Chemist: 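Can you read through this structure? Questions will come right after.
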Amino acid sequence: MVKVFKVGLIGCGHIAETYFRAHKYFNNFKIIKCADINIKAAEKCASLYKIRALSVEDLLNDKEVEIILNLTVPKAHYDVTKKALLHNKHVYTEKPMAINVNDAKKLLQIAKKKNLYIGNAPDTFLGGGNQKSKQLLENNLIGKINLGNIIFAYPGVQSYHPNPEPWFAKKEGGPVIDMGPYYLTALVNLLGPAKQVWGSLMWNKKKRIIGIGPRKGKSIKVLCPTTYLGTIFFKNRTIIRFTLSFDVIAHHRNHIELYGSKGSILVPDPNMFGGSVFTCKKLGGAWKEHKTNKMYLGRINIREKSLRANEAPTNANYRGVGLSEMVYCIQNKKKHRCNGELSFHVLDIIKSIMEAARKRKRINIRSTCKIPKRFTSAEIKKILK
Ligand SMILES: NC(=O)c1ccc[n+]([C@@H]2O[C@H](COP(=O)([O-])OP(=O)(O)OC[C@H]3O[C@@H](n4cnc5c(N)ncnc54)[C@H](O)[C@@H]3O)[C@@H](O)[C@H]2O)c1
């Protein structure tokens, strides 16, 4: 008999809907209560999903709640996660883990001392696209990966998010903190930990215009660089060039391309769960498609545009699987995949990229982490409804 863990949600904004949707797929957690510093947001969420809205303080003190799901804005992640741990709750937080490495380190220390689980998004690397890529690399299909390219580039979040300020804020804004977690977690899952970075930055416009919602047309200040270009050196000697930008109208490159000693691989969008992987083993040769749409976490589950404006109309989105896998590990006393050490290392790479670009010098990455094991169908089946 699977125990269903009772989850308390803090931060009832844009992304919350995706986690409620996860109830449809996973068998071991249920969001039963919610809270927000904006009580109206909590009440709206509670009435939509037929749960109870509490104050943040009352939710943290609620005896029924075993896990806090922290979906607040990045700059509040540290404070909310810390409070949750100090109230003896396990925590699963949206990305990034915190907005600076020292805060994230403190969270790891508190969780360790209190013997509590701390988990973090992104969990997209558990999806069919990244797991199929991992399987092909482990089977040595294209040999040792030597080089690669990643790109996330678009005009910015302001056109589709009603509250885009955090994406352009001084400390937690910019494309590396925002999209880096998806790309870097996917890369660490495939290549292992990173050891050094360097890069350059661009600060394009000083203002952006909100394109949606009640504040449509309002101008907001851009308080951070909006483009980063550079290089990541991995411990396994792979060198990856990256482009992360909120200043590109359109491009036609692949999200992640890795070049190995025996061939090349195109890894699908690390912000989503599905998509086909492509490999090519000869110059000018055909690209072989490796479909993921029959895999548990690669199957298309979104056929129409969802409430999230940036979600592709046809896609696989199983956000929440990281929380479910963590719950399974709590029950079975195992190490979870979306663990604190992995997200800490990813945050360390993010902050090092930003520092390297700002100081115009190479920065050594101080942290490391274990490479998560492949998420097998047998394991996924155990947490599916
Ligand atoms: N929006 C997306 O598509 C998306 C996708 C993936 C991940 N995320 C991540 O999810 C998190 C939330 O993003 P969002 O788009 O839902 O933001 P949002 O601004 O829509 O919602 C955040 C909510 O948190 C509340 N909040 C802020 N500080 C708080 C605090 N100290 N205590 C309690 N509540 C607090 C706000 O009032 C707001 O209701 C971010 O970390 C973001 O990086 C967002």
Side-chain angles (χ1 to χ4, degrees), residues 8-22 33-46 48 53-60 68-84 87 91-99 103-104 119-125 127 152 154 156-169 171-185 210 212-215 220 246 269-273 302 305-312 315 317-323 338 343 346-347 350:
L9 160 66
I10 303 185
C12 306
H14 212 59
I15 193 70
E17 172 267 314
T18 317
Y19 283 85
F20 282 100
R21 205 197 299 162
K33 291 172 189 174
C34 66
D36 197 294
I37 37 164
N38 173 0
I39 188 67
K40 284 212 171 97
E43 281 166 359
K44 192 173 161 200
C45 177
L48 192 60
L54 303 178
S55 70
V56 173
E57 205 49 43
D58 285 349
L59 186 66
L60 289 169
I68 294 292
L69 174 59
N70 178 0
L71 305 184
T72 59
V73 290
K75 71 173 177 200
H77 286 177
Y78 167 69
D79 193 44
V80 171
T81 300
K82 185 176 158 195
K83 279 189 185 141
H87 282 79
V91 193
Y92 187 86
T93 306
E94 251 302 336
K95 52 84 191 167
M97 185 179 187
I99 57 167
D103 285 353
N120 293 270
D123 51 6
T124 40
F125 73 99
F152 174 81
Y154 81 135
V157 73
Q158 70 284 347
S159 63
Y160 65 80
H161 199 294
N163 303 307
E165 280 88 345
W167 280 265
F168 302 102
K171 286 191 182 150
E172 79 268 29
V176 190
I177 280 210
D178 182 36
M179 292 309 287
Y182 297 111
Y183 283 78
L184 298 170
T185 310
I210 301 179
I212 195 171
R215 294 154 70 227
I220 59 161
F246 292 165
D269 185 354
N271 188 16
M272 282 294 155
F273 283 72
I302 296 156
K305 223 163 173 48
S306 70
L307 291 176
R308 283 184 56 213
N310 64 338
E311 195 170 60
N315 220 318
N317 189 354
Y318 295 92
R319 277 178 168 77
V321 61
L323 170 59
C338 296
S343 27
V346 167
L347 181 66
I350 288 170

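One-based numbering, in listed order, for ligands and for the atoms of each. Just so it is clear, the structure is predicted and the values come from calculations on it, not from any experiment.
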Chemist: Nearest heavy atom to atom 42 (C) of ligand 1 wins, so pick from E17, R319, K95.
Modeler: K95
Chemist: Applying side-chain contact (heavy atoms from CB on, under 4.5 Å), name anything that partners A104, two or more places apart in sequence or on another chain.
Modeler: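 In terms of side-chain contact (heavy atoms from CB on, under 4.5 Å), with neighbours along the sequence ignored, A104 is linked to M97, A98, F344, L347.
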Chemist: Under a 4.0 Å heavy-atom limit, does L71 contact ligand 1 with its side chain, its backbone, both, or neither?
Modeler: backbone
Chemist: In Å and rounded to the nearest 0.5 Å, what is the CG to CD distance from D123 to E94?
Modeler: 8.0 Å
Chemist: Quick check: do P162 and H14 have side-chain heavy atoms less than 4.5 Å from each other?
Modeler: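 P162 reaches H14 side chain to side chain.
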Chemist: For atom 37 (O) of ligand 1, which of the options D36, N271, N163 provides the nearest non-hydrogen atom?
Modeler: D36
Chemist: Quick one: which of E94, K75, K44 has a heavy atom closest to atom 9 (C) of ligand 1?
Modeler: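 The nearest heavy atom belongs to E94.
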Chemist: Indicate, as side chain, backbone, both or neither, the part of H77 found under 4.0 angstrom from ligand 1 when only non-hydrogen atoms are considered.
Modeler: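 H77 to ligand 1: side-chain contact only, backbone stays beyond 4.0 Å.
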Chemist: Could you tell me which atoms of ligand 1, counted from 1 in the order shown, lie closer than 4.0 angstrom to a heavy atom of I10?
Modeler: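 Matching atoms, with element in brackets: 33 (C).
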Chemist: Tell me if the centroids of the rings in F246 and F168 come within less than 6.0 Å of each other.
Modeler: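 Yes; F168 has its ring centre under 6.0 Å from that of F246.
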Chemist: Let me see the working for R21 and N317 under side-chain contact (heavy atoms from CB on, under 4.5 Å), right down to the final yes or no.
Modeler: CA-CA 10 Å; R21 205 197 299 162; N317 189 354; 4.0 Å; yes
Chemist: Using non-hydrogen atoms of the residue, decide whether D79 is closer than 4.0 angstrom to ligand 1.
Modeler: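 Not so, D79 does not reach ligand 1.
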Chemist: SG of C12 to CZ of F20: how many Å apart, nearest 0.5 Å?
Modeler: 7.0 Å
Chemist: Is there at least one pair of N or O atoms, one from N38 and one from ligand 1, spaced under 3.5 Å apart?
Modeler: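 Not met; the criterion fails.
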Chemist: With under 30° as parallel and over 60° as perpendicular, where do the rings of Y318 and F273 fit, or are they tilted in between?
Modeler: perpendicular
Chemist: Pick, from K40, H14, E172, the option with the minimum heavy-atom distance to atom 20 (O) of ligand 1.
Modeler: H14
Chemist: Suppose I only count heavy atoms of P74 and a 4.0 Å limit; which atoms of ligand 1 are within that range?
Modeler: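 Selected atoms, number and element: 40 (C), 41 (O).
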Chemist: Could you go through E17 and R319, starting from their C-alpha distance and side-chain angles, then the distance that decides it, and tell me whether this counts as side-chain contact (heavy atoms from CB on, under 4.5 Å)?
Modeler: CA-CA 10 Å; E17 172 267 314; R319 277 178 168 77; over 6 Å; no
Chemist: Measure from atom 2 (C) of ligand 1 to every heavy atom in N70, I99, I15, I177 and give the option owning the shortest one.
Modeler: I15
Chemist: Should G11 be counted as touching ligand 1, given the test is an N or O pair under 3.5 Å?
Modeler: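 For ligand 1, there is no N or O atom that lies under 3.5 Å from one belonging to G11.
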Chemist: Measure Y182 to ligand 1 on non-hydrogen atoms and call it side chain, backbone, both or neither using the 4.0 Å cut-off.
Modeler: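 For Y182, the contact with ligand 1 is made by the side chain alone.
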Chemist: Using the test side-chain contact (heavy atoms from CB on, under 4.5 Å), find all partners of I37 that sit at least two apart in sequence or belong to another chain.
Modeler: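 Residues passing side-chain contact (heavy atoms from CB on, under 4.5 Å) with I37: none at all.
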